[in-house]
Amino acid sequence: MKESPESIISRVIELTRIHNRWRRTETINLIASENVMSPLAEYLYLNDMMGRYAEGAPGKKLYQGTYFMDQLEQLCCKLLAELFNARYADVRPVSGTVANIAALYAVTEAGDLVASLPISLGGHISHRKVGAVGVLRLRTVNLPWDNDNFNIDVDEAVKLIRETRPRAVILGASVYLFPHPVREIAEAAHEVGTYVIHDSAHVLGLIAGKAFPNPIEQGCDIMTASTHKTFPGPQGGVIFTNREDLIEKLDKAVFPGVTSNYHQHRYPSLAVTTVEMREFGVDYASQVVRNARRLAEALHELGFRVLCEHLGFTKSHQVLLDVRELGGGSKCAVLLEQANIIVNKNMLPGDKSPEDPSGIRIGVQEMTRFGMTEQEMERIAEFFYRVLIKKEEPSRVRRDVIEFRRSFTEVKYGFRPDEFNLTELTLLELKK
Ligand code: DSN
């Protein structure tokens, strides 16, 4: 017998409600690629634009009815271009990966060579043959790596660029502790006509808050990003450039190249988040980096193998743990989840298997937005210790995690609806 509509829908509502309560109020979320929007941005996310179409550029859209959405799109692009000191910003890509596909599509042709980092060294899937680079029928060469500095080996990379003359170099990463040498690589790349694309998905919010160098100012040709990692906006993508000669190519690569609809319901929240980052971004980003550093130190003091002690652990929102002696990344991530601490297993340099990597990647941006500072990082390190080293029953630790999290449920560094005479809203109702 088929399940009744009432029963299915009740289950859907219940799963949504439980998820909201669990992830919003009961867990310590440390996934480095996630975040929460401000209450105002979240309020505006639920709007009619989620069902609308608009192919083309503002003012020249192929559909009628886009008048107000076009103004929002132009506003987002203008605000973001200003914030990142870029001549051009395009918010139509629906994700960071789509932004990367568009950037590559704009400057390469099938068969061209692209230099990027392997996934085990932090490269994103879309930088590699297994992802966008392969989809576009490009070839890859690995950027040389200097494990002592946990960074691209500048001298070897310059040599490689001069010798192989790739069409593009992709900098930026998904495991990203220290800024890449954008200036040096851009200089060598430009000598041989190579484009430099910087994928700033992970660090966009830190760049906005001036806690991480701005690759656009350092000479990259194209900067891509997603708008929902350290930049705490709606899920989506963005492309920036300062090069007048690339604007038309990028525009065409985005549409009609690799997008049709743009998921325009993102725009009001994106505009609000960009204004919030302008107002509160410096405080937020500096606290994120201080928190990451303190969490790394505290974990180290408790006996964890935290990567890059000799380099001060991190200059971003991320901390990397080598947990191979504690059972490996997969096992540790599951144990932590049972204690309501959410992280992801991650490959470390030298790892071969993405399914059973030796690391755990931690990001502190979301907990920072909920108001946590250095002392809370010390508490979080103790929870890690109890689960992974002391091997306490995770369900016992979970009780303490829930209690601890109870004091950190209000999102900071952003606006609330009531500040603009709007009343609280439906989505948050589901938390109850
Ligand atoms: N997979 C994401 C991350 O976690 O870094 C990037 O798209």
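Whatever order the structure lists ligands and atoms in, that order sets their numbers, starting from 1.
Between the side chains of S358 and D322, not a single donor N or O lies within less than 3.5 Å of an accepting N or O.
Atoms of ligand 1 found under 4.0 Å from any heavy atom of S174, numbered from 1 in the order shown, are 5 (O). If you number the atoms of ligand 1 from 1 as listed, the ones under 4.0 Å from a heavy atom of H202 come out as 3 (C), 5 (O). Under a 4.0 Å criterion applied to the non-hydrogen atoms of R361, ligand 1 contributes the atoms 3 (C), 4 (O), 5 (O). Every atom of ligand 1 with a heavy atom of K229 under 4.0 Å away is listed here by number and element: 6 (C), 7 (O).
The closest side-chain heavy-atom distance from S200 to P215 is below 4.5 Å.
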Side-chain polar contacts of residues 292-302 - donor-acceptor pairs under 3.5 angstrom, sequence neighbours left out - could you list them?
| unit_1 | atom_1 | unit_2 | atom_2 | d |
| --- | --- | --- | --- | --- |
| R293 | NE | G312 | O | 3.0 |
| R293 | NE | T314 | O | 3.3 |
| R294 | NE | E378 | OE2 | 2.8 |
| R294 | NH1 | E297 | OE1 | 2.8 |
| R294 | NH1 | E301 | OE2 | 3.4 |
| R294 | NH2 | E301 | OE1 | 3.4 |
| R294 | NH2 | E378 | OE2 | 3.3 |
| H300 | NE2 | E309 | OE2 | 3.2 |

Could you list the donor-acceptor pairs under 3.5 angstrom formed by side chains in residues 48-55, with sequence neighbours left out?
| unit_1 | atom_1 | unit_2 | atom_2 | d |
| --- | --- | --- | --- | --- |
| D48 | OD1 | R52 | NE | 3.4 |
| D48 | OD1 | R52 | NH2 | 2.7 |
| D48 | OD2 | R52 | NE | 2.7 |
| E55 | OE2 | S260 | OG | 2.6 |

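Of all the heavy atoms of Q318, none lies under 4.0 Å from any atom of ligand 1, so neither backbone nor side chain is involved.
Relative to the six-membered ring of F370, R405 meets both conditions, a distance below 6.0 Å and an angle of at most 45° to the axis.
Nearest protein heavy-atom neighbour of atom 7 (O) of ligand 1: H124 NE2, 2.9 Å.
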